[in-house]
There are 2 protein chains.
Amino acid sequence: MKERKVSEAVIRRLPRYYRQLELLNGKGVDRISSSELAQQMGLNPSQVRQDLNCFGGFGQQGYGYPVQNLHKEIANILGLTRSYKLVIAGAGNIGQALCKYEGFAQKGFEVIALFDINEALIGQTIAGRPILHVDQMSGFIRENSVDIGIISARRRSAQQIADTMVEAGIRAIWNFVPVDVTVSVPIENIQLSDSMFVLSYRLNAQE
Amino acid sequence: MKERKVSEAVIRRLPRYYRQLELLNGKGVDRISSSELAQQMGLNPSQVRQDLNCFGGFGQQGYGYPVQNLHKEIANILGLTRSYKLVIAGAGNIGQALCKYEGFAQKGFEVIALFDINEALIGQTIAGRPILHVDQMSGFIRENSVDIGIISARRRSAQQIADTMVEAGIRAIWNFVPVDVTVSVPIENIQLSDSMFVLSYRLNAQE
DNA sequence: TAGATTGTTAATCGATTAACAATC
DNA sequence: TAGATTGTTAATCGATTAACAATC
């Protein structure tokens with residue numbers, strides 16, 4: 001295995017490999033060649049081999065890749081062999097839905113609290129997790145060693161929430177607010193309206 | 001203006017330009033140079049000019065770009081000058097949250113109904129929109145000339161729902177299910193777990 | 001007019017694809 | 001061993017950045 005820089009594009013494909021291998025593993029397939037895998041995922045066989053070789057020589061000449069092992073290796077690369085504590089800032093629609101989303105807890109991403117400024121919400125619980133006042137967030141993050149902060153608040157408070165989270169020691173941010181937030185920790189943006197606009201662009205471009 | 005192929009990367013930047021220009025317009029800024037805009041958005045000035053020139057010569061030498069006009073032009077390119085009818089297949093957590101999300105209606109994306117197979121949900125309304133049985137979806141899409149279908153159902157039914165939607169004449173699909181759905185119309189995927197996995201990768205890669 | 005900044009062509013950089021020797 | 005398929009280097013392709021003439 002040679003050290004090489006892992007590009008953004010490769011990183012974005014990792015979860016897709018992970019999903020496909022999970023599927024194959026579930027079907028009881030125990031080996032797969034780069035060309036089969038590429039075909040199933042709409043990629044190029046060379047690309048699959050290049051991608052995987054960024055992390056190690058998981059295959060075997062003349063045989064292909066062992067599905068179960070590769071699945072585990074990618075889980076490990078993605079950091080899915082440990083668990084994470086999450087908090088959600090903004091207990092509105094999106095915040096509540098994310099809290100209830102079962103897919104995360106299954107993979108070790110556990111929401112432990114929500115925060116809001118709306119007095120009507122504070123004190124309630126969502127799927128068993130309490131909604132607390134934002135003023136308590138900083139202390140809570142510190143005391144509970146929270147790993148990831150989800151921002152699903154109002155547009156104008158997003159940056160400030162991010163700053164508070166980072167200052168309190170959070171290690172990554174998942175931002176649902178359509179605003180470019182600047183922070184010193186890794187951040188992933190889910191900008192729903194951006195995606196919707198791309199869709200309407202495509203819909204109209206088709207004609 | 002020369003005809004040139006608009007790449008995926010350019011399309012993904014369009015909503016960001018749109019957002020930034022909206023912000024500037026709101027602040028009463030009436031002109032901006034490619035270098036200022038680039039700096040605000042973390043891009044390269046050349047890139048900004050190249051991107052915009054895919055669609056027209058909106059700028060003026062020695063002056064820059066007129067903010068309000070450019071904002072309108074991009075709205076038009078993105079297809080935001082008309083409205084769209086949407087339906088949601090899968091009225092669980094995510095489906096309901098999307099239905100309640102106010103950002104869309106403001107931009108002309110109107111959810112008119114939700115569909116589910118859960119009898120306990122059917123007959124309820126979410127933010128004033130009815131939850132109907134999936135069996136009625138095909139007819140409903142046809143009768144109401146629905147433009148966009150949102151899929152927020154169970155993993156195993158995603159492909160079938162997509163097929164039904166396309167067959168009924170839907171023109172674009174917004175998919176929230178972590179499965180690679182194959183369709184003949186434009187599709188945008190929001191794969192929450194993929195994004196979360198990229199985040200956990202980055203969190204661990206930092207160390 | 002002179003200065004500024006675009007539109008556009010050319011150069012660079014990085015990612016994808018092809019080719020093939022290594023090897024299971 | 002022979003066939004298959006990887007790992008890896010080389011070639012191609014496309015996107016980003018630089019440069020500069022055109023022009024407001």
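Here is the naming used below: chain letters follow the sequence lines, and residue numbers restart at 1 for every chain.
Counting atom types as modelled, A:Q60 pairs no side-chain N or O with a base atom of C:dT23 as donor and acceptor under 3.5 Å. Between the side chain of B:Q50 and the base of C:dT9 there is at least one donor-acceptor pair of N/O atoms closer than 3.5 Å.
Residues B:Y63 and A:D51 both approach DNA chain C. Their nearest nucleotides, taken by heavy-atom distance, put B:Y63 toward the 5′ side.
Residue B:R13 places at least one side-chain N or O under 4.0 Å from the OP1 or OP2 atom of D:dT16. The phosphate of C:dT8 has OP1 or OP2 within less than 4.0 Å of a side-chain N or O from B:N53. Remark: B:R49 is not in phosphate contact with C:dG7, judged by side-chain N or O atoms under 4.0 Å from OP1 or OP2. Proximity of A:Y65 to the phosphate of D:dA4: no side-chain N or O atom is located under 4.0 Å from OP1 or OP2. Considering only side-chain N and O atoms, B:Q47 lies under 4.0 angstrom from the phosphate OP1 or OP2 of D:dT16.
Residue A:S7 is classed as a sugar-phosphate contact, given heavy-atom separations below 4.0 Å to backbone atoms only. Nucleic acid contact class of B:S34 (heavy atoms, under 4.0 Å, all strands): sugar-phosphate only. Here A:S33 lies in heavy-atom contact (under 4.0 Å) with sugar-phosphate atoms only.
The CG atom of B:L37 sits 20 Å away from the P atom of C:dA4 (whole-angstrom rounding). If you take CD of A:E8 and C1' of C:dT16, they are 16 Å apart, rounded to a whole angstrom. B:L52 places its CG atom 12 Å from the P atom of C:dT8, with the value rounded to the nearest Å. Here the P atom of nucleotide C:dA10 and the CG atom of B:N44 are 19 Å apart, to the nearest Å. Following rounding to the nearest Å, A:E36 (CD) and D:dT5 (P) show an atom-to-atom distance of 8 Å. With rounding to whole Å, A:I11 atom CD1 is found 14 Å from C:dA15 atom C1'. We find that CG of A:L43 is positioned 13 Å from P of C:dA18, with the value rounded to whole Å. Following rounding to the nearest Å, A:F58 (CZ) and D:dT8 (P) show an atom-to-atom distance of 12 Å.
Between B:F109 and B:W174, the gap from one ring centroid to the other reaches at least 6.0 Å. The aromatic ring centroids of A:F115 and A:H133 lie 6.0 Å or more from each other.
Note that NZ of B:K85 and CD1 of B:I112 are 5.5 Å apart. Values are rounded to the nearest 0.5 Å. Between the CD1 atom in B:I148 and the CG atom in B:L86 there is a gap of 4.5 Å [rounded to 0.5 Å].
Side-chain polar atoms of A:D163 and A:Q159 form a donor-acceptor pair below 3.5 angstrom.
Counting heavy atoms from C-beta on, the side chains of A:R129 and A:L114 come closer than 4.5 Å.
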Test log, rule side chain to side chain donor-acceptor pair (under 3.5 Å), inputs B:Q60 and B:R31: CA-CA 10 Å; B:Q60 197 172 314; B:R31 72 184 181 103; over 6 Å; no
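No more than 12 heavy atoms of other residues, nucleotides or ligands shown are found within 6.0 angstrom of CD1 on A:I117.
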Which nucleotides of DNA chain C pair, in dot-bracket form (Watson-Crick or G-U under 3.5 Å, | meaning another strand): ..||||||||||||||||||||||
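Set against D:dT5, D:dT16, C:dT16, the side chain of A:Q61 has D:dT5 as its closest nucleotide.
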